Amino acid sequence: MFDLIIRQANLPDGRKGIDIAIAGGKIAEVAPRIAAEAGEEIDATGRLVTPPFIDPHFHMDATLSLGLPRMNRSGTLLEGIALWGELRPSLTVDALVSRALKYCDLAVTQGLLAVRTHVDTSDPRLVTVEAMLEVKRRVAPYLDLQLVAFPQDGYYRAQDGVAALNRALDMGVDIVGGIPHFERTMEEGRASVQALCRIAADRGLPVDMHCDETDDPLSRHVETLAAETIRFGLQGRVAGSHLTSMHSMDNYYVSKLIPLMAEAGMNVIPNPLINIMLQGRHDTYPKRRGMTRVKEMMAAGLNVSFGHDCVMDPWYSMGSGDMLEVGHMAIHVAQMAGLDEKSAIFQALTTNSARTMGLEDYGLDRGCNADLVICQARDAAEALRLKAVKLVVIRRGKVIARTAPRLGQLFLDTRPAAIDPSIGFAPEY
Ligand code: FE2
């Protein structure tokens, strides 16, 4: 007797008509037809069932603050940073917690059950850190939240930046962040990468840096990050976020760089929505897309996962907490529309991100956590195409969110009465 059986699911790897049995919050069996009873059964015939979506790069201290204290007029990264600096002195723990919890509610309905968020440590009051630690504690039953100490105004460039970042780590922040391209000089950027990797090695923490989020092909801090990763023996524990300058780099240089990153076991986190919105702003025409070299990195064996980065904040006035929207944009910007390529993008939103975040017991194998999402789509490619509705979200074997399927009613005499965007039409509805 199981607690729950999901019947006749399609899985991301292409298997169809599979039953998933759950007991004690874990996946107990995955097989074509499980001849057993359960306290509850959910029919998933013709629907994709996937492990939850994961966002490995987000800013939960800034989310839902759009328009406070004003809008980003130029739409650039740098005005966004300046605007956030204007808002920062008025931030309170209560307001930060309230906005973050609202975002997490949205995330859960989107089947997004693990988020790594960068927490700004530039204000020595560290209200952001206090607030995000509280949010992490409150959402723990339903969402895994990792915190990165992120010196938004520069580790060396911000007044008291060094002390504040270290204090954030003392308070319990999980990961060491950085922003080398925003330091005053290339030399200080390089020094910040070295200092921050040393801190991570000394404290036994992972690293996740905003690295080279610029169109400048000479912004090459990723090279230092890879070299320091190897020097400190941090292979597999370091992530390079954004890496947009690689889009503009010389191909010969990149032919040396990507193997170095692979040697360092670097996790790579592009943010397609934000990259396509913010990069190339100083170009006239032709305009660069500005997303890093996803296809080439995947081919080199690098672990690539995608972040949402922003939702309704000083940098990005769009966003919905839907990682399929992120994948949808990634397909376009990376020009990865082949069937295998779409499958790789879906994997980047799920299993690759789990690896980036070091999540344990993630997946669809027996013994994994019973964290599952039933999508209104037949397979992973269709889920990406439709940015599919997440019909049922399950955490540790319990349904924690449901959303009604998207159906269109038709009032045409010669045509079906209803349309399900996934299966074409569904007159029985
Ligand atoms: Fe970011």
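In listed order, ligands and their atoms are each counted from 1. The model shown is predicted, which means the values in this text are computed figures rather than measured ones.
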Next on the checklist: Distance to the ring centre below 6.0 angstrom and angle to the axis at most 45 degrees; does that hold for Arg220 and Tyr253?
Outcome noted: yes
Item to check | Nearest to the Fe ion (ligand 1) - the N/O/S atom of Asp309, by atom name | outcome: OD1
Item to check | Metal proximity, Cys310 vs the Fe ion (ligand 1), N/O/S cut-off 2.8 Å | outcome: no
Checklist entry - Are any of the side-chain heavy atoms of Leu391 and Arg402 separated by less than 4.5 Å? => result no
Checklist entry - Is Arg157 close enough and on-axis enough to Phe182, meaning under 6.0 Å and within 45°, for cation-pi? => result yes
Item to check | Three-point angle His210:NE2, the Fe ion (ligand 1), His57:NE2, rounded to the nearest 10° | outcome: 90°
Checklist entry - Just by modelled atom types, is the Ser422 backbone N or O under 3.5 Å from a matching donor or acceptor in the Arg378 side chain? => result yes
Next on the checklist: Report whether any nitrogen, oxygen or sulfur of His118 sits less than 2.8 Å from the Fe ion (ligand 1) (N, O or S, backbone or side chain).
Outcome noted: no
